[in-house]
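Here the structure is laid out as structure tokens; the discussion comes afterwards.
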Amino acid sequence: MSTFETSPRETNAEAGPAKSAETARSGQGKPSPGEGQGGTGEIPSFTITLKVRRYDPELDSEPHWESYELTMHGTDRVLDALHKVKWEQDGRLSFRRSCAHGVCGSDAMRINGRNRLACKTLLKDLDIKKPILVEPIKGLPVEKDLIVDMEPFFAAYREVMPFLITKGAEPTRERIQSQADRERFDDTTKCILCAACTSSCPVFWNDGQYFGPAAIVNAHRFIFDSRDQASDLRLEILNDKEGVWRCRTTFNCSEACPRGIQVTRAIAEVKQALISRKL
């Protein structure tokens with residue numbers, strides 16, 4: 001795969017934004033009976049231990065774990081806990097985040113051993129009796145703490161030409177498409193490029209040249225678009241030894257996708273398109 005320069009689209013949490021809403025809330029320790037119910041209107045609070053895998057290339061030779069005791073609330077997510085650590089305990093903690101609403105995909109990380117978006121993972125949905133483990137996604141070089149180098153991921157994404165390609169003169173009106181044609185690739189339009197699927201793939205962990213699920217999903221989006229005229233070219237790219245045939249159908253990618261995309265099914269459909277084309 002070829003490599004190109006890319007500009008970062010995520011915001012690093014190096015410069016803290018305005019003080020979070022939870023610092024304005026009160027309450028310590030375990031929730032008392034009736035708290036957050038009925039008349040008080042208070043949000044239950046609880047204490048958690050957040051264990052973060054830390055790595056600063058300027059200070060550390062190897063990654064290590066650091067623990068933080070935090071008082072959080074029932075509406076808080078893992079991203080809120082990371083903010084609380086950074087703003088109140090350790091300003092050197094580094095991670096990516098932007099919209100905080102599960103749309104930008106910047107804050108994908110491993111939480112208790114599973115790839116998730118920190119902004120969508122409610123603390124109360126985890127086992128708060130045990131330490132909550134947070135570490136960077138796997139398969140990509142760690143730059144600092146929870147920040148990984150996304151360039152190999154985006155290089156594969158660019159390789160599949162994730163844009164509409166047509167031939168002939170530019171049309172004088174929009175390209176019409178039936179509802180059925182649109183539905184054919186609707187699922188794979190939902191990708192937010194968080195890399196949760198790709199970095200959950202065992203093949204990608206062991207072979208950094210594999211295109212990975214996200215690149216194949218974004219190729220699928222145009223291969224099955226009735227308006228596009230470069231499907232054969234994309235299929236030829238994915239027929240490479242590092243393309244769709246490297247998939248081992250473990251379903252890790254589908255389970256990791258925060259948007260619910262049926263990633264494994266999309267990869268299978270690209271495989272089938274390649275076989276049908278050859279026949």
What's the spacing between [X] [atom1] and [Y] [atom2] if we round to 0.5 Å?
X	Y	atom1	atom2	answer
Thr121	Arg116	OG1	CZ	5.5 Å
Cys253	Ile216	SG	CD1	8.5 Å
Leu233	Ile237	CG	CD1	4.5 Å
Asp181	Arg227	CG	CZ	9.5 Å
Ser67	Lys51	OG	NZ	5.0 Å
Arg277	Leu235	CZ	CG	5.5 Å

Using a 3.5 Å distance criterion without hydrogens, assess whether the side chain of [X] forms a donor-acceptor pair with backbone atoms of [Y].
X	Y	value
Lys86	Gly91	yes
Ser254	Phe251	no
Asp187	Gln262	yes
Ser231	Ile223	yes

Partner of Val217 by side chain to side chain contact (heavy atoms under 4.5 Å, CB included), out of Val263, Leu193, Thr189: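 Result for side chain to side chain contact (heavy atoms under 4.5 Å, CB included) with Val217: Val263.
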Cluster question for you: counting only ILVMFWY and a side-chain heavy-atom cut-off of under 4.5 Å, with indirect links fine, are [X] and [Y] together?
X	Y	answer
Leu59	Ile147	no
Val134	Ile128	yes
Trp245	Val270	yes

Can you name the residues that form a side-chain contact (heavy atoms from CB on, under 4.5 Å) with Pro171, not counting sequence neighbours?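 By the side-chain contact (heavy atoms from CB on, under 4.5 Å) rule, Pro171 matches Arg175.
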By side-chain contact (heavy atoms from CB on, under 4.5 Å) - contacts of Ile165 (at least two apart):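 Ile165 satisfies side-chain contact (heavy atoms from CB on, under 4.5 Å) with Met161, Phe163, Asp228, Ala230, Arg234 only.
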With sequence neighbours left out, what residues match Phe224 under ring-ring contact (aromatic ring centres under 6.0 Å, His included)?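 Residues passing ring-ring contact (aromatic ring centres under 6.0 Å, His included) with Phe224: His220.
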Within the structure provided, determine whether Asp149 and Leu140 are in side-chain contact (heavy-atom separation under 4.5 Å).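 A side-chain contact under 4.5 Å is absent here.
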Report the residues that fulfil side chain to side chain donor-acceptor pair (under 3.5 Å) with [X], sequence neighbours left out, ordered by chain and then residue number.
X	result
Thr49	Glu69
Asp186	Arg182
Arg184	Glu269
Asp145	Arg54

Closest approach of Gly105 and Ile192, non-hydrogen atoms and distance?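 Residues Gly105 and Ile192, closest heavy atoms: CA-CD1, 3.8 Å.
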Hydrophobic cluster of [X], others only, ordered by chain and residue number, side-chain cut-off 4.5 Å:
X	result
Trp65	Leu133
Trp205	none
Phe222	Leu164

What residues form a salt bridge (charged side-chain N to carboxylate O under 4.0 Å, His left out) with Lys120, not counting sequence neighbours?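 With neighbours one apart ignored, the set is empty.
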Partner residues of Arg259 under the salt bridge (charged side-chain N to carboxylate O under 4.0 Å, His left out) criterion, sequence neighbours left out: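 In terms of salt bridge (charged side-chain N to carboxylate O under 4.0 Å, His left out), with neighbours along the sequence ignored, Arg259 is linked to no residue.
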Salt bridge present between Asp225 and Arg221 (N-O < 4.0 angstrom):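 Here Asp225 pairs with Arg221 in a salt bridge, since their nearest N and O are under 4.0 Å apart.
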